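Quick notes on the structure that follows.
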Amino acid sequence: MLGIFTKMFHLLEALCCQLDLELASHTTDFDSSNFSTYSQALQRLPLLQADLETAQHSQKVFQEVATYVALVHGEENPLAVDLLKQSAAKKKSVKALEAEVAKCTATVKRGYSEKEGPFVKCLDNALQSFGVQRQQYFGGAFIGNHVHKALKVPNIQTLCTSISKMAQEKLPHRSGEVAGQVSKFITAFSLYGKCHNICDQNFIDEAQACALDQVRKQSSVYM
């Protein structure tokens, strides 16, 4: 039973990771310095790449014109000298931009710890609010008692709606879609909670067996 709950929670956590990535492309205002650094690099990279492309083209044009003027009028021609100086300056700018692009690219490739994303942190805060603390030294695993707490109806609501509330605040344009996804998780966790309560009994009578089968049929849409 613990394994099933963990798999369901990981699906919910995966949704949070997707929302964190989307959020990273919109803002850089985060508590986590690593996530903020990643977000800044993610947003800066396309701008720097565009600037680099423009600078490379400009430097190439200046170099070609300077070379032509020097060949026609001589290297000591004032216009040729000025163009060569500008070409050299632009080449220096190109190198600086190339370094910035490489640095930003490395930061984006390095990524960030999923635990630092605002939506994932929000999920952990919700767990802690009703006394569930994941085992940090075992990959954030749950223990048996966690399932009993987390599958209580009020706690399911607290856990899942923490995501939709965060979406309303951070991603208002996606809040409706996120609320729909959260609603499905609430239903899935609630159905599993009923199943868990029945299976946790020492003896299952015929009525409970029928109820369990009904829950199984209702849950099949989420499998």
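Bear in mind the structure is a predicted one, so any value in this text is a computation, not a measurement. Any value given below was found using the heavy atoms of this structure, including those in side chains, with hydrogens, waters and symmetry copies removed.
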same_hphob_cluster(Phe62, Val81) at 4.5 Å side-chain heavy-atom cutoff = no
Closest non-hydrogen atom pair between Val94 and Leu52, with its separation | O-CD1, 3.7 Å
Counting only N and O atoms by type, is there a donor-acceptor contact under 3.5 Å from the side chain of Thr105 to the main-chain atoms of Val101?
-> yes
Any side-chain heavy atom of Gln59 sitting closer than 4.5 Å to one from Gln86?
-> no
Between Ser129 and Ala126, is there a donor-acceptor pair closer than 3.5 Å when you use the side chain of the first and the backbone of the second?
-> yes
List the steps and the verdict of side-chain contact (heavy atoms from CB on, under 4.5 Å) for Leu171 and Val178.
-> CA-CA 9 Å; Leu171 295 171; Val178 172; 5.9 Å; no
Main-chain N/O of Val120 paired with Asp20 side-chain donor or acceptor, under 3.5 Å = yes
Worked verdict on Glu100 versus Lys103 for salt bridge (Lys or Arg N to Asp or Glu O under 4.0 Å) = CA-CA 5 Å; Glu100 282 294 310; Lys103 183 179 178 181; 5.1 Å; no
Close side-chain approach of Lys121 and Asp124, heavy atoms under 4.5 Å | no
Treat each ILVMFWY residue as a node, draw an edge where side-chain heavy atoms are under 4.5 Å apart, and state whether Leu84 and Val65 are in one component.
-> no
Between Ala80 and Gly74, which heavy-atom pair has the shortest distance, and what is it?
-> CB-O, 3.8 Å
Pairwise side-chain contact, Ser190 with Val153, heavy-atom cut-off 4.5 Å (strictly under) = no
Please check if the side chain of Lys149 supplies one atom and the backbone of Gly131 the other of a donor-acceptor pair under 3.5 Å.
-> yes
Do the non-hydrogen side-chain atoms of Ser162 and Asn125 ever get within less than 4.5 Å of each other?
-> no
Kindly determine whether His73 and Leu79 satisfy side-chain contact (heavy atoms from CB on, under 4.5 Å), including the steps that lead there.
-> CA-CA 9 Å; His73 300 287; Leu79 178 59; over 6 Å; no
Does a side-chain heavy-atom distance below 4.5 Å link Gln56 with Glu98?
-> yes
Within a strict 4.5 Å, meaning less than it, do heavy atoms of the Gln181 and Ile163 side chains meet?
-> no
Candidate pair Leu11 and Phe185, rule side-chain contact (heavy atoms from CB on, under 4.5 Å), full reasoning | CA-CA 9 Å; Leu11 289 173; Phe185 274 104; 3.9 Å; yes
Between Ala150 and Asn155 the two heavy atoms that sit nearest each other are O-CB, 3.9 Å
Show your reasoning for whether side-chain contact (heavy atoms from CB on, under 4.5 Å) applies to Leu47 and Arg44.
-> CA-CA 5 Å; Leu47 300 176; Arg44 283 191 67 208; 5.6 Å; no
About how many Å separate OG1 of Thr67 and CG of Leu83, when rounded to the nearest 0.5 Å?
-> 9.5 Å
Value rounded to 0.5 Å, distance of NE2 in His173 from CD in Gln168 = 13.5 Å
Between atom CE of Met166 and atom OG1 of Thr161, what is the distance when rounded to the nearest 0.5 Å?
-> 12.0 Å
Can you establish whether the number of heavy atoms outside Gln128 located under 6.0 Å from its atom CD is more than 12?
-> yes
Checking Ser58 side chain against Ala55 main chain: does a donor-acceptor pair fall under 3.5 Å?
-> no
In Å, rounded to the nearest 0.5 Å, how long is the span from CZ of Phe9 to CG of Leu159?
-> 6.0 Å
Just how far is it from atom SG of Cys16 to atom CG of Leu23, taken to the nearest 0.5 Å?
-> 11.5 Å
Would you say Leu12 and Val182 make side-chain contact, with heavy atoms under 4.5 Å?
-> no
Minimal non-hydrogen separation, Cys104 against Leu48, with atom names | SG-CD1, 3.7 Å
Partner residues of Gln49 under the side-chain hydrogen bond (donor to acceptor under 3.5 Å, both in side chains) criterion, sequence neighbours left out = none
Residues passing the ring pair (Phe, Tyr, Trp, His ring centres under 6.0 Å) test with Phe189, sequence neighbours excluded, are Phe5
If you round to the nearest 0.5 Å, how far is CG of Asp82 from OG of Ser87?
-> 11.0 Å
